[in-house]
Amino acid sequence: MDTSVTMEKIVSLAKRRGFVFQSSEIYGGQAGAWDYGPMGVELKNRIARFWWKEMTQLHDDIVGLDAAILMHPKVWEASGHVENFTDPLVDCKKCKQRFRADQIDPAKLAKKECPECGGELTDTRKFNLMFKTNIGPVDDGSGLIYLRPETAQGIYVNYKNIIQSNRMKIPFGIAQVGKAFRNEIVTKNFIFRTCEFEQMEMQFFVHPGEDVKWFDYWREQRWAYYQKLGIRMNKLRWHQHGPDELAHYAKDAYDIEYEFPMGFKELEGVHNRTNFDLTRHQQFSGRDLQYIDQENGNERYIPFIIETSAGLTRQLLMALCDAYEDQKVADKGTDDDWRTVLHFHPTLAPITVAVLPLMKKDGLAELAQDIRGELKEEFATDYDQGGAIGRRYRRQDEVGTPFCITVDYQTKEDNSVTLRFRDSMEQIRVPRTELESTIKKAIKNYKRA
Ligand code: GAP
């Protein structure tokens, strides 16, 4: 059996087990958009919660925000997105396909030759990635409004509000999770690059002379986060942006890249945005956006910003790819020799504990339901009584459930159950009264083999 992790396998499992569905599938699908099913929404929420805890609970100097997606159009003029947030685009006059010019073989681009059909390409033109729509009753262009292409700007325009309302002192950060929209030309590779996606961004405001120190600090912090998330660290690497890759706002930038099935690709960016954004917003809004440092002789300055910008939906794809394994578990020469297992960190797993009665009859189903009822205040649980127990374990392995509890005839006698661990498939006997503490301890001490 081919045990490599391919995008085809991930897409197939994601659909089969309710992680991710194609948007509007019954109408043939909508490119660039995906729907998150029962398992997917749980996984996405858990990643977001993990990140949120990391930022706001474990860092005393970071607070949260949830800004609106629709913002005043001047925000995007000030931020430089109207002018600079573009991809170079070419169209094929023959097959009508559209390409990013920087992703075509330069020799073909020079000859204006379509990489797909050999037809003639148009000249390269700038294509702005922001989605435009209209607000208000009249559709004459006066109500032009954009769907935000990044969550960061919502933080910048609220930075003074937050200083005033929460008495924040520099250095401090503001964290936000939310949707972003980009009219991406190329949306292949499943949910890797989509037109609608979610970001988890944190903007850290610092004294101008201290930006390099904080930039290094945040690079370290972001690397450590993935270790805590249980990701295989040999699948991650740093990539520093060269001068021609730097965004219009950045002085220095590093990406953390993950080795997806299609190769190493950007997972998140750590950017030194200098005082570019706040200076521009001060200029365009006419508001004074200087920080007044009352503890240092009322020194006034526009803070520098260190940004950590991660894709939530992209992290979900990473979590799936990193967890996936086709594993040989027996040698009988049948399909049952193999299992597909997702080795999620238990904190991320959509279901933490599945309760399975060995049989439906003899009161075992009722007993199992009762145990489930006891555990569901503490854990995300599932209950499954259909089919052979081995098949039920496999079904749970496939969605990454770290713990299965089997209720059998012995349970009726001595109130003990079987606790099965997903990764090792080890089974131990545990008194019902100790289940909660045993599972909590196993979650705390979890290490992927
Ligand atoms: N505020 C800075 C910013 O938005 P970015 O590098 O353009 O920087 C940050 O995006 C992260 O957002 C990326 O590292 C990626 O994880 C995610 N992201 C960006 N575009 C995306 C897209 N079209 N689909 C899915 N995720 C995307």
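Numbering of ligands and ligand atoms starts at 1, following listing order. As the structure is a computational prediction, the values presented were derived from the model and not from experiment.
- Arg372 and Thr381 share a donor-acceptor pair across their side chains, judged by distance under 3.5 Å alone.
- Under a 4.0 Å N-O distance rule, the pair Glu398/Arg17 qualifies as a salt bridge.
- Put simply, part of His271 is less than 4.0 Å from ligand 1, judged by heavy atoms.
- Only the backbone of Leu267 comes within 4.0 Å of ligand 1, judged by heavy-atom distances.
- When hydrogens are left out, the protein atom nearest atom 12 (O) of ligand 1 is Gln199 NE2, 3.3 Å; that is the closest non-hydrogen contact.
- Checked against side chain to side chain contact (heavy atoms under 4.5 Å, CB included), Asp66 has the following partners two or more places apart in sequence or in another chain: Gln176.
- Judged by distance alone, the side chains of Glu201 and Ser309 do bring a donor and an acceptor atom under 3.5 Å apart.
- Contacts with ligand 1 closer than 4.0 Å are made by no heavy atom of Gln315, backbone or side chain.
- Geometrically, ligand 1 and Thr313 share no nitrogen or oxygen pair separated by less than 3.5 Å.
- Remark: ligand 1 atoms within the under-4.0 Å shell around heavy atoms of Ser309 are 1 (N), 2 (C), 3 (C), 4 (O), 8 (O), 9 (C), 10 (O), 11 (C), 14 (O).
- The closest protein non-hydrogen atom to atom 17 (C) of ligand 1 is Gly311 CA, 3.7 Å.
- Contact check on Glu378 versus Lys440 returns a salt bridge, with a Lys/Arg side-chain nitrogen under 4.0 Å from an Asp/Glu carboxylate oxygen.
- Below 4.0 Å from some heavy atom of Glu150 lie the following atoms of ligand 1, by number and element: 1 (N), 2 (C), 3 (C), 4 (O).
- Applying the salt bridge (charged side-chain N to carboxylate O under 4.0 Å, His left out) criterion to Arg392, with sequence neighbours excluded, gives no partner residue.
- Counting only heavy atoms of the protein, atom 26 (N) of ligand 1 lies nearest to Phe197 CD1, 3.4 Å.
- Taking any N or O of Glu307, backbone or side chain, at least one lies under 3.5 Å from an N or O belonging to ligand 1.
- Nearest protein heavy-atom contact of atom 24 (N) of ligand 1 is Thr194 N, 3.0 Å.
- Side-chain contact of Tyr226 with Gln315: a donor-acceptor pair under 3.5 Å is present, judged by distance alone.
- Taking every non-hydrogen atom of Glu201 and a distance limit under 4.0 Å, the qualifying atoms of ligand 1 come out as 1 (N), 2 (C), 3 (C), 4 (O).
- Screening Gln327, Arg422, His343, Arg339 against Asp397 for a side-chain hydrogen bond (donor to acceptor under 3.5 Å, both in side chains) leaves a single residue, Arg339.
- Only the side chain of Tyr249 comes within contact range of ligand 1, with a heavy atom under 4.0 Å; no backbone atom does.
- Of all the heavy atoms in Cys195 and Glu184, the pair that sits closest is SG-N, 3.8 Å.
- Ranking the protein heavy atoms by distance from atom 13 (C) of ligand 1 puts Glu266 OE2, 3.2 Å first.
- Looking at Gln153 and His81, their side chains never bring a donor and an acceptor atom within 3.5 Å of each other.
- At a 4.0 Å heavy-atom cut-off, ligand 1 touches Glu268 through the backbone alone.
- For Arg273, every heavy-atom contact with ligand 1 shorter than 4.0 Å involves the side chain, none the backbone.
- The single protein non-hydrogen atom nearest to atom 20 (N) of ligand 1 is Arg182 NH1, 3.2 Å, given as residue, atom name and distance.
- In terms of protein heavy-atom proximity, atom 25 (C) of ligand 1 is nearest to Phe192 O, 3.2 Å.
- Counting only N and O atoms by type, the side chains of Asp91 and Gln97 include no donor and acceptor under 3.5 Å apart.
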